[in-house]
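Written below as structure tokens is the structure these notes are about.
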Amino acid sequence: MIVYDRLWKTMEQKRINTYVLREKYGIDSQTIRRLKNNQNVTMRTLDKLCDILQCSLEDIVEYRSNDEQ
């Protein structure tokens, strides 16, 4: 399972909140909801988030096996 817990930590460190993602960078509210619920998002979205946050994919995405759930 892919989880986005690291995204929220990275955003906090960079002092960027979901309002800024929506209003300044055009990230759709539905996409933010999907991220909060660990649902699928496109690679384009992940690429955009890495660009916005100036980070690597590992800073926003984590894979957890079903055994770790």
Side-chain angles (χ1 to χ4, degrees):
M1 175 176 197
I2 301 296
V3 295
Y4 300 103
D5 297 344
R6 292 179 181 179
L7 169 64
W8 312 115
K9 290 176 187 174
T10 300
M11 286 175 55
E12 184 177 330
Q13 291 171 348
K14 305 279 183 165
R15 292 185 168 87
I16 294 179
N17 58 32
T18 57
Y19 178 81
V20 171
L21 288 181
R22 285 192 319 270
E23 298 301 318
K24 184 174 181 181
Y25 297 105
I27 303 291
D28 186 66
S29 295
Q30 183 176 2
T31 300
I32 292 171
R33 181 191 55 78
R34 295 180 68 73
L35 289 163
K36 285 183 178 182
N37 291 311
N38 294 318
Q39 296 175 334
N40 292 335
V41 296
T42 65
M43 287 303 293
R44 181 173 292 188
T45 297
L46 296 176
D47 181 55
K48 189 171 183 178
L49 288 168
C50 286
D51 188 47
I52 292 166
L53 297 168
Q54 294 295 292
C55 67
S56 65
L57 188 59
E58 295 83 16
D59 295 325
I60 61 175
V61 175
E62 179 183 2
Y63 170 75
R64 292 186 190 155
S65 69
N66 289 333
D67 296 338
E68 295 179 55
Q69 300 301 315

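When side chains are defined from C-beta on, Met11 counts as touching Leu21, because their heavy atoms get closer than 4.5 Å. Inter-residue side-chain proximity for Trp8 and Thr18 is flagged as met; some heavy-atom pair is nearer than 4.5 Å. By the 4.5 Å heavy-atom criterion applied to side chains, Asn40 and Arg34 are counted as neighbours.
A salt bridge links Arg64 with Asp5; the closest basic N to acidic carboxylate O contact falls under 4.0 Å.
Expressed to the nearest 0.5 Å, how far OG1 of Thr10 lies from CG of Leu53 amounts to 6.5 Å. Note that the CD atom of Gln39 and the CE atom of Met1 stand 9.0 Å from one another [nearest 0.5 Å].
Scanning for side-chain hydrogen bond (donor to acceptor under 3.5 Å, both in side chains) contacts around Thr45 gives Thr42, with sequence neighbours left out. A search for side-chain hydrogen bond (donor to acceptor under 3.5 Å, both in side chains) contacts involving Ser29 returns nothing, not counting sequence neighbours.
Nearest heavy-atom pair, Tyr4 versus Leu35, reported as atom, atom and distance to 0.1 Å: CD1-O, 3.5 Å. When every heavy atom of Ile60 is checked against every heavy atom of Cys55, the shortest pair comes out as CG2-SG, 3.8 Å. Between Val61 and Arg6, the closest heavy-atom pair is O-NH1, 3.7 Å. Ser56 and Cys50 make their closest contact through C-SG, 3.7 Å (heavy atoms, listed as atom of the first residue, atom of the second, distance). Closest approach of Asn38 and Val3 over heavy atoms only: OD1-CA, 3.3 Å.
Panel note: side chain Lys14, backbone Ile52; no donor-acceptor pair is recorded below 3.5 Å. With hydrogens and angles ignored, the 3.5 Å screen pairs a side-chain donor or acceptor of Asn17 with a backbone N or O of Tyr19.
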- Hey, mind stepping through Arg15 and Val20 against side chain to side chain contact (heavy atoms under 4.5 Å, CB included) and telling me if it holds? CA-CA 10 Å; Arg15 292 185 168 87; Val20 171; over 6 Å; no

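Within a 6.0 Å radius of CD in Glu12, no more than 12 heavy atoms belonging to other residues, nucleotides or ligands are found.
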